[in-house]
Amino acid sequence: MEKPAAVRPKHGSRLLKCILALVIAILPACRVWAEKISQSYISTLEFTAQDGYFFTDRECLYSLEIRGVTPDEVQVFFDTTTEGVQFVSAKKADSIGGTQLQVRVQFTRPGTYTLPPVYVRIQQREYSIPFARVTVYQNPQTVMPELSVVFSNPKFNTADSVIVAEEGEKLDFTIYIKYAIQIVGFTWEIPQDSLFEELREYEITQGKTRGTEFSPDAIPVATFRWQPLVQGTYTLPKILLKATAYNGSRTDLMAPPYQFTILPQAEEESEATATKKESVFAYAFAPPPVAEEEEPLNIDMTPEEYQTLLELRRSERHSFPLSDTAKERRAMEEKFNLVSNRAEPSIPLFVILVSVTALMILLAVLFFAFRHIPLGAIFVSLALLSGAATATTAIYIAEPTALFKGGELCSIPEQQVSTGVLVRAGSRVAVRQSAGGWVYIQYKELKGWVRESDIDYVR
């Protein structure tokens with residue numbers, strides 16, 4: 001009965017020695033791990049802009065918070081020789097849980113700047129800490145309002161000195177203004193040998209002030225439609241504004257003087273061409289025609305063929321991949337040169353993937369419960385793979401897609417503001433937004449507004 005009592009202290013001593021040896025072995029690793037975390041934290045530090053916007057000839061503030069150190073443990077070394085930048089001051093101060101560094105600089109001209117990194121000594125170690133990239137704007141007290149023009153048809157938004165168009169072609173454009181808080185006057189002149197009308201005025205034309213808070217954004221003023229009726233050389237119709245700048249002064253502005261060369265309308269082999277050319281001036285004085293409901297514009301595809309393609313796509317969505325329906329749909333799209341359209345995601349495949357994922361999870365749980373760890377790990381991996389495939393398929397299924405009946409895209413949800421960009425009938429489009437009977441669609445790189453009645457959702 002004495003032997004067990006003597007053995008217990010011996011076992012206890014061995015256990016204590018093992019614990020001490022383990023602690024001694026782990027301590028170096030803990031130091032390396034702590035240093036790694038510290039280096040990772042240092043790599044996230046960056047001097048960031050503290051003002052909403054940076055302006056020329058004003059003091060601009062950068063700030064940096066360093067946690068876990070006191071100001072006497074931090075030393076800062078600045079490079080103050082950057083061209084166009086004047087170093088004003090730097091200071092360090094206590095902050096909650098650490099030290100705050102503040103750097104004040106002044107920029108002499110507008111532009112985009114990335115200041116050289118600052119060398120900071122923290123607890124006897126030196127680190128290079130970068131500055132965030134910032135855009136510096138002209139001082140609002142000296143900057144004057146500016147006008148710009150954006151055409152609805154992208155082909156006219158070029159840097160060319162002369163823009164070429166055809167007689168009778170509709171040139172829709174919008175006037176934008178920057179660096180103004182108010183418009184107090186707004187007039188325009190009707191050009192000779194042209195039709196000219198205002199399509200829309202925006203809120204800033206109502207005389208309300210936008211406030212004194214600076215914004216670099218261009219604000220729309222009004223949208224116009226200009227239609228030169230005779231070939232020749234033109235300048236953009238004269239549009240005059242009186243605007244109030246940020247410093248309170250008022251200035252007269254004129255739209256940029258674009259130059260246009262108007263060419264004769266391209267001849268077409270149709271009997272209606274001559275009649276149309278003779279009546280172009282008569283149109284200017286005739287009463288406006290009564291708007292009629294027009295059939296959707298179809299390009300190289302009849303309404304019956306369009307409906308067949310729509311049904312094939314809907315059926316493909318409820319079939320397995322590589323089904324006969326998918327083959328028939330691809331053959332029909334090749335016939336109408338729509339070979340770039342994407343295939344429909346398969347709902348039956350999604351259901352199978354969900355079932356497979358659930359089965360893999362169940363098997364993994366069972367194998368872990370019965371302590372078959374390797375098999376459990378295998379089924380966890382399989383569950384992750386099938387889960388990723390399930391999630392990807394779900395995203396494709398949830399994306400609102402439709403078939404487009406064909407026609408022109410509009411830059412805004414208004415029939416009169418067409419971009420001149422044509423999309424073929426039967427094209428599969430992604431629906432990004434809807435508003436008041438209009439939808440914003442995307443086809444490849446093309447984007448624009450169309451009437452909701454001109455699309456059919458594929459569900």
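No experiment lies behind these values; they were computed from the predicted model shown.
- In terms of the side-chain contact (heavy atoms from CB on, under 4.5 Å) criterion, residue partners of A49 (sequence neighbours excluded) are, by chain and number, F54, V134.
- T392 pairs by the side-chain contact (heavy atoms from CB on, under 4.5 Å) definition with Y396, not counting sequence neighbours.
- V365 is not listed as a side-chain neighbour of F368, based on a closest heavy-atom distance of 4.5 Å or more.
- For the pair V149 and L147, the minimum side-chain heavy-atom distance is 4.5 Å or more.
- With E344 as the partner, the side chain to side chain donor-acceptor pair (under 3.5 Å) test is satisfied by one option alone out of R314, H318, R428: R428.
- Two residues are said to be in side-chain contact when any heavy atoms from C-beta on lie closer than 4.5 Å; Q259 and I163 fail this criterion.
- Judged purely by atom type and a 3.5 angstrom limit, T108 uses its side chain to pair as donor or acceptor with the backbone of G84.
- In this structure the side chain of L446 never reaches within 4.5 angstrom of the side chain of V429, judged on heavy atoms.
- A pairwise comparison of heavy atoms in F404 and D454 identifies CD1-O, 3.2 Å as the closest pair.
- In this structure K91 satisfies the salt bridge (charged side-chain N to carboxylate O under 4.0 Å, His left out) test with no other residue, sequence neighbours excluded.
- Checking side-chain atoms of Y41 against main-chain N and O of R67 turns up a donor-acceptor pair under 3.5 Å.
- The salt bridge (Lys or Arg N to Asp or Glu O under 4.0 Å) contacts involving residues 139-155 comprise K155-E169, where partners must be two or more places apart or lie in separate chains.
- Here the closest heavy-atom approach between residue S434 and residue V439 is recorded as CB-CG1, 3.8 Å.
- The side-chain contact (heavy atoms from CB on, under 4.5 Å) test applied to S381 returns no partner, not counting sequence neighbours.
- Of the inter-residue distances, the one linking I175 atom CD1 with E201 atom CD reads 12.0 Å to the nearest 0.5 angstrom.
- In this structure a side-chain-to-backbone donor-acceptor pair under 3.5 Å is missing from S249 to A245.
- Residues V118 and V103 have side chains not in contact (no heavy-atom distance under 4.5 Å, counting atoms from C-beta outward).
- Atom CD1 of I373 is surrounded by more than 12 heavy atoms from other residues, nucleotides or ligands within 6.0 Å.
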Test log, rule side-chain contact (heavy atoms from CB on, under 4.5 Å), inputs I239 and F224: CA-CA 10 Å; I239 299 173; F224 297 91; 3.7 Å; yes
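- Across K92 and T99, no two heavy atoms sit closer than the pair CB-CG2, 4.2 Å.
- Atom OG1 in T251 sits 4.5 Å away from atom CE in M144 (nearest 0.5 Å).
- With no hydrogens or angles considered, a side-chain donor-acceptor pair links Y202 and T223 at under 3.5 Å.
- Side-chain atoms of D172 and N153, non-hydrogen and from C-beta on, never get closer than 4.5 Å to each other.
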If you apply the rule side-chain contact (heavy atoms from CB on, under 4.5 Å), what do you find for W438 with R451, and how did you get there? CA-CA 4 Å; W438 289 78; R451 288 193 177 276; 3.8 Å; yes
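- Within the structure, salt bridge (Lys or Arg N to Asp or Glu O under 4.0 Å) contacts touching residues 99-118 (residues at least two apart or in different chains) are E83-R109.
- Of the residues listed (Y234, F173, W226), the one engaging F260 in a ring-ring contact (aromatic ring centres under 6.0 Å, His included) is W226, and it is the only one.
- Two residues are said to be in side-chain contact when any heavy atoms from C-beta on lie closer than 4.5 Å; I397 and R317 meet this criterion.
- Residues E203 and T205 have side chains that never bring a donor and an acceptor to within less than 3.5 angstrom of each other.
- Side chains of E65 and Q100: a donor-acceptor N/O pair is present below 3.5 angstrom, by distance only.
- Summarising the geometry, atom OG belonging to S386 is positioned 7.0 Å from atom CE belonging to M360; distances are rounded to the nearest 0.5 Å.
- Pairing each heavy atom of I204 with each of P220, the nearest pair is CG2-O, 3.6 Å.
- The OH atom of Y258 sits 12.0 Å away from the CZ atom of F156 when rounded to the nearest 0.5 Å.
- Considering every non-hydrogen atom in both P256 and L236, the closest pair reads O-CD2, 3.7 Å.
- Residues P71 and A93 approach most closely at CG-C, 3.9 Å, considering heavy atoms.
- A ring-ring contact (aromatic ring centres under 6.0 Å, His included) check over residues 236-256, counting only residues at least two apart or in different chains, returns the pairs F214-Y246.
- More than 12 heavy-atom neighbours from other residues, nucleotides or ligands sit within 6.0 angstrom of OH on Y457.
- Looking at N157, its side chain does come within 3.5 Å of a backbone N or O of F151 through a donor-acceptor pair.
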Does E189 form a side-chain contact (heavy atoms from CB on, under 4.5 Å) with F196? I'd like the steps, not just the answer. CA-CA 9 Å; E189 297 179 7; F196 189 73; over 6 Å; no
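- Here the CD1-CZ distance, from I361 to F379, works out to 12.5 Å after rounding to the nearest 0.5 Å.
- Contacts of E126 classified as salt bridge (charged side-chain N to carboxylate O under 4.0 Å, His left out), with partners at least two apart in sequence or in another chain: R121.
- Residue R432 places its CZ atom among more than 12 non-hydrogen atoms of other residues, nucleotides or ligands, all under 6.0 Å distant.
- Residues passing the side-chain contact (heavy atoms from CB on, under 4.5 Å) test with A218, sequence neighbours excluded: Y176, K178.
- Counting only heavy atoms from C-beta outward, the side chains of D252 and L240 never approach each other to under 4.5 Å.
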Just list the side-chain donor-acceptor pairs under 3.5 Å for residues 345-355, sequence neighbours left out, or say none.
{"residue": "S346", "atom": "OG", "partner": "S319", "partner atom": "O", "Å": "2.6"}
{"residue": "S346", "atom": "OG", "partner": "L349", "partner atom": "N", "Å": "3.2"}
{"residue": "S355", "atom": "OG", "partner": "V351", "partner atom": "O", "Å": "3.0"}

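- With Q227 contributing its side chain and G168 its backbone, the two residues share a donor-acceptor pair below 3.5 Å.
- Of the possible donor and acceptor atoms, one in the side chain of K405 sits under 3.5 Å from a partner among the backbone N and O of S453.
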Let me see the working for R313 and E333 under salt bridge (charged side-chain N to carboxylate O under 4.0 Å, His left out), right down to the final yes or no. CA-CA 11 Å; R313 279 205 165 269; E333 288 181 338; 2.8 Å; yes
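- In this structure, the side chain of R250 does not engage the main chain of V184 through any donor-acceptor pair within 3.5 Å.
- Each salt bridge (Lys or Arg N to Asp or Glu O under 4.0 Å) pair with one or both residues in residues 357-372, not counting sequence neighbours, would appear here, but there are none.
- In this structure, the separation between OH on Y53 and OG1 on T135 is 10.0 Å, given to the nearest 0.5 Å.
- In this structure, Y113 has its ring center closer than 6.0 angstrom to the ring center of F107.
- When the salt bridge (charged side-chain N to carboxylate O under 4.0 Å, His left out) test is applied to D94, no partner is found at least two apart in sequence or on another chain.
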